[in-house]
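One structure is given below, encoded as structure tokens.
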Amino acid sequence: MPEKIDYSDKPRRSIAFIGSECHPFVKTGGLGDVMYALPRVLAKQNCDVRVILPRYECIPWKYQEKMVYRGEFYMGLGETGREYYVGIMEYIHDGVVYDFIDNQEFFSGPKPYYSLVDDIPKFCYFAKAALAALNFMDWIPDIIHCHDWQAALVPVYLRTLFAGSRVGGAKTIMTIHNLRFQGIYNIPTIRYWTGLPDEAFDHNCMKQNFVDANMLKGGIAYADRITTVSGTYAGEIQTWEYGENLDAHLRYHSGRLSGIVNGIDYDMWNPAKDPAVVYPYTVKDVLKKKKKNKLALQKELGLEEDEDRFVIGLISRLTDQKGLDLVNAVVHQIMDEFTEVVVLGTGDPWYEDAFRYYEQIYKGRFSGCIQYDEARAHRIYAGVDALLVPSRFEPCGLTQLNAMHYGTVPIVRETGGLKDTVEPYNKYENWGNGFTFDRYEAGLLLDAINRAKECYFTEKEKWDDMVRRDMEKDVSWENSANQYRELYLSLTQW
Ligand code: ADP
């Protein structure tokens with residue numbers, strides 16, 4: 001159990017989180033989880049936190065109806081020659097204040113993101129409106145914590161157009177949750193929507209090659225600190241292989257770059273009190289209850305019901321990042337009569353089709369759930385024995401943390417946060433959290449799965465020890481939030 005720290009006598013700082021998604025309002029991936037969990041823990045660690053988000057039309061009505069009108073104003077935007085409406089709607093929950101920037105022109109429709117044609121103007125507007133809203137509300141934070149490319153213009157605006165305004169004195173942190181997405185578009189378009197001065201379109205700032213502006217690159221150049229969501233990923237992105245064309249820029253700014261690994265929210269992910277799980281459990285009865293949950297899951301998904309089968313789960317966006325080509329390459333070798341596989345995810349059609357196909361040919365042993373379903377995800381974490389995360393790259397990864405917390409053994413590639421959070425199993429010392437492989441090769445994935453199977457079927461006591469060890473591993477936000485708090489303090493020594 002982590003040691004309890006008393007934060008009441010620690011220095012208090014105010015932080016504005018700016019980002020494009022946040023559970024439970026809108027979430028497409030791990031960013032939404034972080035934007036939810038981190039502010040809540042920071043609030044408990046004596047921080048004053050406000051989260052600024054777009055008020056998307058797709059936010060469920062049960063939250064929209066609880067929002068309170070906080071004010072409105074009009075704001076010029078770039079070279080558009082128009083004044084744009086900025087409404088502020090507020091919602092307070094668990095010590096955290098959520099301010100939603102309202103503008104139907106930008107945030108309508110059933111999804112938060114569309115193509116860059118829509119999203120570039122949307123987030124040029126959002127970043128500026130968020131800063132203008134802080135000035136308007138007269139809530140001037142010590143730190144502005146910006147997340148991913150959608151908020152990357154915030155440090156750039158802050159040090160240029162907002163430099164003389166009240167919010168201009170705040171320090172900024174740019175957190176990269178996934179370097180693959182950077183917000184790149186041609187310079188004239190971004191100049192038109194932002195009205196930023198020439199210096200922002202310099203090679204040291206946003207300019208990339210000869211024609212494009214890269215919003216994340218600008219955020220990295222202007223932020224006071226840059227963080228990413230694991231130490232290993234912070235190192236990897238400075239290499240050509242993982243740097244997504246920004247490796248040189250990141251190497252140049254490496255003195256300000258560090259990694260802090262994500263945690264998971266123990267209220268949202270608690271196998272003892274999870275309303276979605278059929279047989280809730282703790283570390284004391286995990287072995288018995290996991291079998292019951294396995295049977296319930298098999299029944300729910302139409303799989304052959306047998307508590308002794310080795311059931312492997314995969315919960316993921318179905319994209320190249322997640323190593324699904326490796327999975328495709330080894331499926332036929334995994335599917336023996338003692339093994340079942342459950343996939344939950346949506347994404348690229350060729351992967352969706354592949355998993356539907358396996359469900360057809362391995363009837364009763366393979367389940368391909370092509371859907372986004374939070375409750376089912378919880379039941380899968382509770383019911384499967386092992387979870388596959390063979391990612392090509394993984395900034396932090398949350399699924400392996402969820403899995404361990406539910407007593408499910410992760411099988412992961414040693415990259416990014418997977419490497420930092422899953423200690424490889426050592427059968428001689430009976431230690432470790434899961435099965436790992438290093439190079440991105442199908443044969444090595446198959447080998448890791450086979451090692452897991454061998455342990456499960458022939459060294460059950462050691463497997464069970466690992467299940468209990470994983471459940472007891474501290475993967476909470478407490479420790480990581482404390483590191484962010486220290487970072488905020490180091491930037492604001494007065
Ligand atoms: P990424 O942010 O790259 O998608 P992460 O591992 O950081 O990956 O976070 C994924 C989060 O989304 C996890 O909480 C996982 O449980 C959840 N998730 C992913 N796919 C689905 C799905 N199809 N249904 C429900 N939850 C999902």
Side-chain angles (χ1 to χ4, degrees), residues 19-24 26-38 112-113 147-150 175-181 228-230 232-233 236-237 242 244 259-271 274 276-277 297 300-301 313-324 327 342-348 351-352 355-356 367-384 387-406 408 410-413 415-422 434 475-477 480:
S20 59
E21 55 183 86
C22 178
H23 172 86
V26 59
K27 172 183 152 184
T28 66
L31 170 64
D33 288 324
V34 177
M35 291 286 290
Y36 165 74
L38 181 54
Y113 312 124
H147 298 265
D148 273 353
W149 76 266
Q150 294 91 343
T175 293
I176 303 167
H177 296 263
N178 191 337
L179 189 64
R180 175 144 294 179
F181 308 107
T228 183
V229 287
S230 68
T232 295
Y233 192 60
E236 285 173 343
I237 57 178
Y242 294 89
E244 306 280 349
I260 299 177
V261 86
N262 289 334
I264 59 171
D265 187 283
Y266 275 17
D267 291 333
M268 199 166 127
W269 298 101
N270 179 357
D274 191 329
V277 170
L297 182 70
E300 173 181 340
L301 301 176
L314 192 152
I315 300 176
S316 176
R317 286 184 291 119
L318 304 181
T319 67
D320 284 339
Q321 177 197 332
K322 299 296 181 178
L324 302 169
V327 177
V342 177
V343 174
L344 175 69
T346 57
D348 293 337
Y351 290 127
E352 293 187 350
F355 292 126
R356 285 193 189 102
S367 169
C369 308
I370 307 304
Q371 55 183 185
Y372 190 94
D373 186 333
E374 299 257 357
R376 179 163 282 179
H378 285 238
R379 284 193 293 281
I380 294 175
Y381 287 119
V384 300
L387 191 92
L388 271 192
V389 200
S391 305
R392 185 181 287 272
F393 69 94
E394 195 60 77
C396 176
L398 296 173
T399 55
Q400 83 282 10
L401 303 181
N402 298 337
M404 287 190 283
H405 198 53
Y406 277 57
T408 296
I411 302 175
V412 307
R413 179 163 172 253
T415 183
L418 299 171
K419 183 169 182 183
D420 292 355
T421 57
V422 180
V475 290
S476 72
W477 265 107
S480 314

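Both counts, for ligands and for their atoms, begin at 1 and track the order of listing. Note that this is a predicted model, so its numbers are computed, not measured. Counting from 1, the numbers follow the sequence of the chain as shown.
Contacts between K27 and ligand 1 below 4.0 angstrom, taking non-hydrogen atoms only, involve the side chain exclusively. Proximity of V389 to ligand 1, defined as any heavy-atom pair under 4.0 Å, is not found for any part of the residue. When non-hydrogen atoms are compared, ligand 1 lies under 4.0 Å from the backbone of D373 (N, CA, C, O) but not from its side chain.
Using a 3.5 Å distance cut-off with no hydrogens or angles, the side chains of Q371 and T346 do not pair a donor with an acceptor. Defined by atom type and a distance below 3.5 Å, a donor-acceptor pair is present between the side-chain atoms of T232 and D420. When only modelled atom types and interatomic distance are considered, E236 and T415 share a side-chain donor-acceptor pair under 3.5 Å. Between the side chains of D148 and H177, no donor-acceptor pair is found at a separation under 3.5 Å. Y351 and D320 are linked by a side-chain donor-acceptor pair at a separation below 3.5 angstrom, with hydrogens and angles left out of the test. Remark: the T28 side chain and the E21 side chain contain an N/O donor-acceptor pair separated by less than 3.5 Å.
Q371 O, 2.9 Å is the protein heavy atom nearest to atom 23 (N) of ligand 1. Protein heavy atom nearest atom 6 (O) of ligand 1, with residue, atom name and distance: L398 N, 2.9 Å. Atom 11 (C) of ligand 1 has as its closest protein heavy atom D33 OD2, 3.8 Å. Protein heavy atom nearest atom 19 (C) of ligand 1, with residue, atom name and distance: I315 CG2, 4.0 Å. For atom 16 (O) of ligand 1, the closest heavy atom belonging to the protein is Y381 OH, 2.8 Å. The protein non-hydrogen atom at the shortest distance from atom 22 (C) of ligand 1 is Y372 CD1, 3.4 Å.
The ligand atoms of ligand 1 that sit less than 4.0 angstrom from a heavy atom of G345 are 23 (N). Distances below 4.0 Å separate heavy atoms of A377 from the following atoms of ligand 1: 25 (C), 26 (N). Per-residue contacts place N402 under 4.0 angstrom from the following atoms of ligand 1 (heavy atoms of the residue considered): 13 (C), 14 (O), 16 (O).
Between W269 and ligand 1, no N or O atom pair is found at a separation short of 3.5 Å. Considering backbone and side-chain atoms together, G30 places an N or O closer than 3.5 Å to an N or O of ligand 1. Where the criterion is an N or O separation shorter than 3.5 Å, residue side chain and backbone included, T28 fails it with respect to ligand 1.
Taking 4.0 Å as the cut-off between side-chain N and carboxylate O, R180 and E244 count as a salt-bridged pair. R413 and E394 are not joined by a salt bridge, as no carboxylate oxygen comes within less than 4.0 angstrom of a charged side-chain nitrogen.
Which of K322, E394, R317 comes nearest to atom 8 (O) of ligand 1 through a heavy atom is settled by distance: it is K322.
Taking 4.0 Å as the cut-off, C396 does not count as a neighbour of ligand 1 on heavy-atom distance.
The aromatic rings of W269 and Y381 sit perpendicular, their planes meeting at an angle over 60°, well past the 30° parallel limit.
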The test is side-chain hydrogen bond (donor to acceptor under 3.5 Å, both in side chains); show your working for H378 and D274 and say whether it passes. CA-CA 8 Å; H378 285 238; D274 191 329; 2.6 Å; yes

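Summarising the geometry, atom CG belonging to D267 is positioned 14.0 Å from atom CH2 belonging to W477; distances are rounded to the nearest 0.5 Å.
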